[in-house]
Amino acid sequence: MVGSGKDPYTRVVATLVEGLSDVLGAPEVQVFRLLQPPPRREYGDLSFPVMRFASRSGVDPETAVESVRGMLWERNLLRFVDMRLESGFLNVKFKGEDVADEVFRLLASGWKPSPARASKPRTFVVEHTSANPVHPLHLGHARNASLGDSLARLLRARGHMVNVRFYINDMGRQVAVAALGFKLAGVEPRKLAEDMGVKPDAAVGWVYAVTHNALEAVKARASGDARELDEAMAALARLKERGPRAVFESILSGVSKLGDPEEEVNKIMRRYEEGLEPEKSLVRGIAEAVLEGFRETLTAFGVEFDDWDWESDLAWSGEVSRILEEARRSPYFTVYKEAPALDIPRVARELVEPDPEARERIRLPRGFEVPPLILVRSDGTTLYTTRDIAYSVYKFRVTGADRVINVIGADQRLAQLQLRLALLALGYRREALNMEHYDYEIVRLPGRRMSGRRGEFVSLDEVLAEAEERSLREVKARNPGAPEEWARSVASKIAVGAVRFALVQPGRLKPITLDVEKMLDFRENSGPYLQYTYARANSILEKHGEIDYLKASPQALDEGMRRDLLVDALRFPVIAAKAADDLAPEDLAAYLLKLADEFNKWYERDTVIHEPDEAARHAKAALVKLVRDSLGEGMRLLGVEPLPRM
RNA sequence: GGGCCCGUAGCUCAGCCAGGAUAGAGCGCCGGCCUCCUAAGCCGGUGGUCGGGGGUUCAAAUCCCCCCGGGCCCGCCA
């Protein structure tokens, strides 16, 4: 459950979990979760509510503790801990000297703290970000990317195989709208970007927003909806200033001259789905241009993908038609509003409710009732969800994955639930049960929602640029005379650290109201605070020079802050392992902040390089190294790059 | 109308799923600390009817029910 690690903390925890679970008859998962640091340090380093289980299993608490003690003894681990039963809790306290002794030995052999390895490695697919290729990535996508990338890094570090994928939605209405805009303007995305002096994704985003609002205006005018019309016109007025006048005008006049603008958009979608020219090259060209911009931003953001999947490839390769065939043969196939559909509520009633495992994995809302899921439009084109069914099956098939994690906004909950039920309807039970929607709440602008359609959003590029500018000023002030190139590189890593940390630290179900000021506050509770703490620790080590572990005195770390810091730095492998298992990068973030706090407090009171006693000095330096490396490894897992100096 | 998520200090949040030991951080505000390992730091002070009500329990911020406030979703959009 805990997995394997060389350090005494991981080994003790693994044994406690095994032993307690054994003697109390409680599942290891539960024991692992309840084995936590007590509310106050004087109780010890780890605590477990034995009495809760003792009464349930009829085992005397004392007996249980003795049994666990015996197990630790057998594994030669008892020397590391004191164990006491206090008011029904088993309190475990690590013995500083003995732990330090063992840690010095490990460090001397080149050991570094790293997440405990899973005993059963699995294959994961993490699909994340997957933004529509019609506008630049905004902070909502950045939250998605931060979460997805951190998950992937955590799972890999835990020893799993992880395949990270980006799904390119190039068959939706949005791309078709952008395509219409480019067609009317007669420009090419990359050329326009050059003229505007912006990245290609920003240029496409502008054309998309102009075209979308022009279409909305026409529609509102036709229907006499004054409010909609006002909104569209206001958006257009804002957009007008942000790009070449000629392009803006040709889109506007082009759209107004179209007899049936909606039909124009539909035609592009239809022809693209069939793979016909010139739509094929037009749409692909736009999407490629945007993806080029995405890649640039994501690379700067420290996010990488193994595979990029084109929605259109699934359609063109016959994958989607195959799924449609299977749907038609499914007992849950139905016709709804004269269109082929799947009877989703019936799937819920017949395939989920009677099946305990399915019920547990697929949580149905009470009184779940939705209309059947339509698979094909009356013009013969497929719908997003239909293609997503094909994609889901595809992800499992090409990777051989045990689990697929889709990092998608919470607003897609119902759609994701329908998707899993559709998989069940087609007989893909394993896939349906092992695919999860890793949902997160949106990032809001103060007072309103971000919208790529209205062209109202804060792009990740803008925020990173602003953060970089701020940190560059600070870096230069603190390092007068440092080379410009170095300062820039450090500033950009601080900027990324700040934004990524700000986006993974809060629980993912908390809606974030975007306060750029707060995000760029580099004080405590921030990515740069961790980087700063790392740099401080690193600076000590540089000044100290080589550590001689044979000289280091374990007694120096036996008590007080040093002992506490030693134990807390050693928690990293287990905390990271748990964060990986729970898919909870925010737990790792909280731990790193606490470790940094503790280190900084100790730093103010104690000295390393001025320590007169040589044995104590080497011991303290070893402690600093352990803290630095736990911090550094943890930061890396969250995409916050450790900096030797800043 | 139905469903889901959120509601904890002036502000942003952790703790809730897996009930227990004096509810934790940061920001803000007030006051201190740089001839000494990076002050993006540290120390002290300030601040809480855990949205409200009921229930279960020896024990509830945590579980159950009702209500209130905010958000999201219920499309031949994605």
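Lettering of chains follows the sequences in order, A, B, ..., and the numbering in each one begins at 1.
Residues satisfying the side chain to side chain donor-acceptor pair (under 3.5 Å) test with A:E353, not counting sequence neighbours, are none. Listed by chain and number, the residues in a salt bridge (charged side-chain N to carboxylate O under 4.0 Å, His left out) with A:E42 are A:R40 (sequence neighbours excluded).
Within the 4.0 angstrom heavy-atom criterion, no nucleotide atom of any strand lies near A:Y336. Using a 4.0 Å heavy-atom distance criterion, A:N538 is classed as making no nucleic acid contact. Contacts of A:S526 with the nucleic acid, taken as non-hydrogen atoms under 4.0 Å apart, are absent. No contact: A:L541 has no heavy atom under 4.0 Å from any strand. Using a 4.0 Å heavy-atom criterion, one finds that A:K337 contacts the bases of the nucleic acid, with or without backbone contacts as well. Residue contacts shown for A:F368 are absent, as no nucleic acid heavy atom lies under 4.0 Å away. Residue A:Y529 is classed as a sugar-phosphate contact, given heavy-atom separations below 4.0 Å to backbone atoms only. Residue A:G172 is in sugar-phosphate contact alone, with no base atom involved, counting any heavy-atom pair closer than 4.0 Å across all strands shown. Residue-level contact check: A:Q505 touches neither bases nor backbone, having no heavy atom under 4.0 Å from any strand. Among the atoms of the strands shown, only primed sugar atoms or phosphate atoms (P, OP1, OP2) are found under 4.0 Å from some heavy atom of A:G507.
Using modelled atom types and a 3.5 Å distance limit, the side chains of A:S378 and A:E338 yield no donor-acceptor pair. Judged by distance alone, the side chains of A:N600 and A:R536 do bring a donor and an acceptor atom under 3.5 Å apart. Using modelled atom types and a 3.5 Å distance limit, the side chains of A:Y529 and A:D597 yield a donor-acceptor pair. The closest side-chain donor-acceptor pair between A:R628 and A:N538 falls under 3.5 angstrom.
Between the C1' atom of B:A25 and the CD atom of A:E586 lies a distance of 15 Å, rounded to the nearest Å. Distance, A:I442 CD1 to B:C4 C1': 14 Å, rounded to whole Å. One can place OH of A:Y534 at 19 Å from C1' of B:G41, the figure rounded to the nearest angstrom. A:L90 has its CG atom 16 Å from the P atom of B:A21, to the nearest Å. The distance between atom CZ of A:F522 and atom P of B:U12, rounded to the nearest whole Å, is 21 Å. The distance from atom NZ of A:K510 to atom C1' of B:G70 is 12 Å, rounded to the nearest whole Å. For A:N266 and B:C77, the CG to P distance is 8 Å, given to the nearest whole Å. Protein atom CD of A:E441 is 10 Å distant from nucleotide atom P of B:C73, rounded to whole Å.
By the neighbour-count criterion of 12 heavy atoms within 6.0 Å, atom CZ of A:R377 is densely surrounded, having more than that number from other residues, nucleotides or ligands.
Within 3.5 Å, a donor on the side chain of A:N91 pairs with an acceptor on the base of B:A21, or the reverse. Looking at A:T385, its side chain has no donor and acceptor atom pair within 3.5 Å of the base of B:A78.
Near RNA chain B, defined here as any heavy-atom distance below 4.0 Å, the residues from residues 466-477 of chain A are A:E474, A:V475, listed numerically. Of the residues in residues 33-42 of chain A, A:R33, A:L34, A:P38, A:P39, A:R40, A:E42 come within less than 4.0 Å of RNA chain B through at least one heavy atom, sorted by number.
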Problem - Derivation and outcome, side chain to side chain contact (heavy atoms under 4.5 Å, CB included), residues A:Y167 and A:Y391 - result: CA-CA 9 Å; A:Y167 186 47; A:Y391 184 45; 3.3 Å; yes
Practice task
Let me see the working for A:D606 and A:R562 under salt bridge (charged side-chain N to carboxylate O under 4.0 Å, His left out), right down to the final yes or no.
Solution key: CA-CA 9 Å; A:D606 207 346; A:R562 296 181 206 156; 2.8 Å; yes
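Taking atom C1' in both B:C76 and B:C17, one finds a spacing of 39 Å when rounded to whole Å. A distance of about 35 Å separates the P atoms of B:G48 and B:C4, rounded to the whole Å. The separation of B:U38 from B:C29, taken at their P atoms, amounts to 29 Å, rounded to a whole angstrom.
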Show each protein N/O and nucleotides 29-39 of chain B N/O combination with a separation under 3.5 Å, one pair to a line.
from  : atom 1 : to     : atom 2 : distance (Å)
B:C36 : O2'    : A:H610 : NE2    : 3.1
B:C37 : O3'    : A:K543 : NZ     : 3.1
B:C37 : O2     : A:V608 : N      : 3.4
B:C37 : O2     : A:I609 : N      : 3.2
B:C37 : N3     : A:V608 : N      : 3.1
B:C37 : N4     : A:Y603 : O      : 2.7
B:C37 : N4     : A:D606 : O      : 2.0
B:U38 : OP1    : A:S539 : OG     : 2.2
B:U38 : OP2    : A:S539 : OG     : 3.3
B:U38 : OP2    : A:K543 : NZ     : 2.6
B:U38 : O2'    : A:Y532 : OH     : 2.3
B:U38 : O2'    : A:R536 : NE     : 3.2
B:U38 : N3     : A:M646 : O      : 3.0
B:U38 : O4     : A:M646 : N      : 2.8
B:A39 : OP2    : A:R536 : NH2    : 2.4

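Against the 90° criterion about 0, the sugar-base torsion of B:C50 places it in the anti range.
Contact detail for A:M635 and A:L592: the closest heavy-atom pair is N-CD1, 3.7 Å.
Under 4.0 Å is where a charged nitrogen must lie from a carboxylate oxygen, and between A:E469 and A:R473 at least one such pair does. Salt-bridge check for A:R270 with A:E274: failed, with every basic side-chain N at 4.0 Å or more from each acidic carboxylate O. Ion pairing of A:K219 with A:E216 is present here, as a side-chain N (NZ or NE/NH1/NH2) and a carboxylate O approach within less than 4.0 Å.
In the set B:A78, B:C76, B:G3, the nucleotide with an atom closest to the side chain of A:A415 is B:A78. Across B:A78, B:C5, B:C74, the shortest atom-to-atom separation from the side chain of A:L509 is found for B:C5. Closest to the side chain of A:N525, from the set B:G26, B:C42, B:C76, is B:G26. Among B:C42, B:C4, B:C11, the nucleotide with an atom closest to any side-chain atom of A:K518 is B:C11.
Paired runs in RNA chain B that reach 3 or more consecutive Watson-Crick or G-U pairs, where each pair keeps both distances under 3.5 Å, cover B:1-7 with B:68-74, B:10-13 with B:24-27, B:28-33 with B:41-46, B:51-55 with B:63-67.
For the pair A:H141 (side chain) and A:S130 (backbone), a donor-acceptor distance under 3.5 Å is absent.
For the pair A:R377 and B:A78, the criterion of a side-chain N or O lying under 4.0 Å from OP1 or OP2 is met. Between B:A25 and A:R523, no contact under 4.0 Å exists linking OP1 or OP2 to a side-chain N or O.
Below 30°, between 30° and 60°, or above 60°: for A:F599 and A:Y603 the angle between ring planes is between 30° and 60°, a tilted geometry. Below 30°, between 30° and 60°, or above 60°: for A:F294 and A:F166 the angle between ring planes is between 30° and 60°, a tilted geometry.
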